[in-house]
Amino acid sequence: MANDPSPSTTPVQNKNPTKWWAWAVATFFGAGFGKPGPGTWGSVAAVLLWAAYARLAHPSPHTLLLTLLSGIALSIALGVPAATIAARESGRHDPGFVVIDEVAGQWIALLFSPFDWRHGIIALVLFRLFDITKPYPARQLESLPRGWGIVFDDVAAGLYALCVASLLRIWIH
């Protein structure tokens, strides 16, 4: 039994994952293996990708919004089956290394944000706060089956963060 790694030390019990794409998506191309706090690493990766796109492509606010909406739709559409597969293959209900849910939630939190570091940090902090505390009904969404529960509690946290960030922008300006 000494050679049997515990589920807490190795994310993959099945040494030959059947769906490599699912693991790439679920971990957001490895961000989910960051320590400590893989969820924070996934959120930071999402903010950095948003910032890199905005800085390098110089999109109009409308184009930035449409790009974020597309990213959110793609991360949810691919994230639910990817999270389902990664959870099943790891033998865990909601493995910490699955961070595509944080990516979707973080991009939701960034919706309508003008591109600058302050808005990115505010969205990041608010999203992490709501993702960790999971106010009603976010926590209840975790009980949805398979990848739906893994992803949609973070979608709710992203919506909370979006609302608070939007209110802050109104009050500050």
If you take all heavy atoms of [X] and [Y], which pair is closest and at what distance?
X	Y	value
Arg169	Ser113	NH1-OG, 3.3 Å
Asp153	Ala138	CB-O, 3.3 Å
Ala83	Val151	CB-CG2, 4.5 Å
Lys134	Glu142	CE-OE2, 3.2 Å
Leu110	Gly120	CD2-CA, 4.1 Å
Ala109	Phe127	CB-CB, 4.0 Å

Could you check Leu126 against Leu168 for side-chain contact (heavy atoms from CB on, under 4.5 Å), going step by step and ending with a plain yes or no? CA-CA 11 Å; Leu126 288 171; Leu168 286 173; 4.1 Å; yes
For [Y], does its backbone N or O pair with a side-chain atom of [X] as donor and acceptor, under 3.5 Å?
X	Y	answer
Asp116	His119	yes
Thr84	Gly147	yes
Trp107	Ala46	yes

Do [X] and [Y] have side-chain heavy atoms sitting under 4.5 Å apart?
X	Y	answer
Pro81	Trp21	yes
Asp131	Arg128	yes
Leu111	Ile72	yes
Leu141	Tyr136	no

Phe97 vs Trp23, test: ring-ring contact (aromatic ring centres under 6.0 Å, His included). Steps then yes/no. CA-CA 10 Å; Phe97 59 84; Trp23 284 83; 5.2 Å; yes
Give the C-alpha distance, both sets of side-chain angles, the deciding distance and a yes or no for side-chain contact (heavy atoms from CB on, under 4.5 Å) between Asp101 and Val98. CA-CA 7 Å; Asp101 51 335; Val98 172; 4.3 Å; yes
In Å and rounded to the nearest 0.5 Å, what is the [atom1] to [atom2] distance from [X] to [Y]?
X	Y	atom1	atom2	result
Ile172	Arg118	CD1	CZ	8.5 Å
Phe115	Leu64	CZ	CG	8.5 Å
Leu68	Ser75	CG	OG	10.0 Å

For the hydrophobic clusters of this structure (ILVMFWY residues joined by side-chain heavy atoms under 4.5 Å, transitively), does one cluster hold both [X] and [Y]?
X	Y	answer
Val47	Phe29	yes
Leu48	Val125	no
Ile121	Leu129	no
Ile132	Ile150	no
Leu56	Val44	no

Evaluate Asp154 against Ile100 for side-chain contact (heavy atoms from CB on, under 4.5 Å), listing each step before the verdict. CA-CA 9 Å; Asp154 286 16; Ile100 192 62; over 6 Å; no
Using 4.0 Å as the upper bound for N to carboxylate O, is an ion pair formed by Arg146 and Asp94? no
Using ring centroids (six-membered ring only for Trp), state whether Trp41 and Phe28 fall under 6.0 Å. no
Compute whether any side-chain donor of one residue and acceptor of the other, for Arg139 and Thr133, lie under 3.5 angstrom apart. no
If only side-chain N and O atoms count, and only distance matters, is there a donor-acceptor pair under 3.5 Å linking Ser43 with Thr40? no
Evaluate side-chain contact (heavy atoms from CB on, under 4.5 Å) for Tyr53 paired with Thr63, printing each intermediate quantity in order. CA-CA 11 Å; Tyr53 171 72; Thr63 302; 3.5 Å; yes
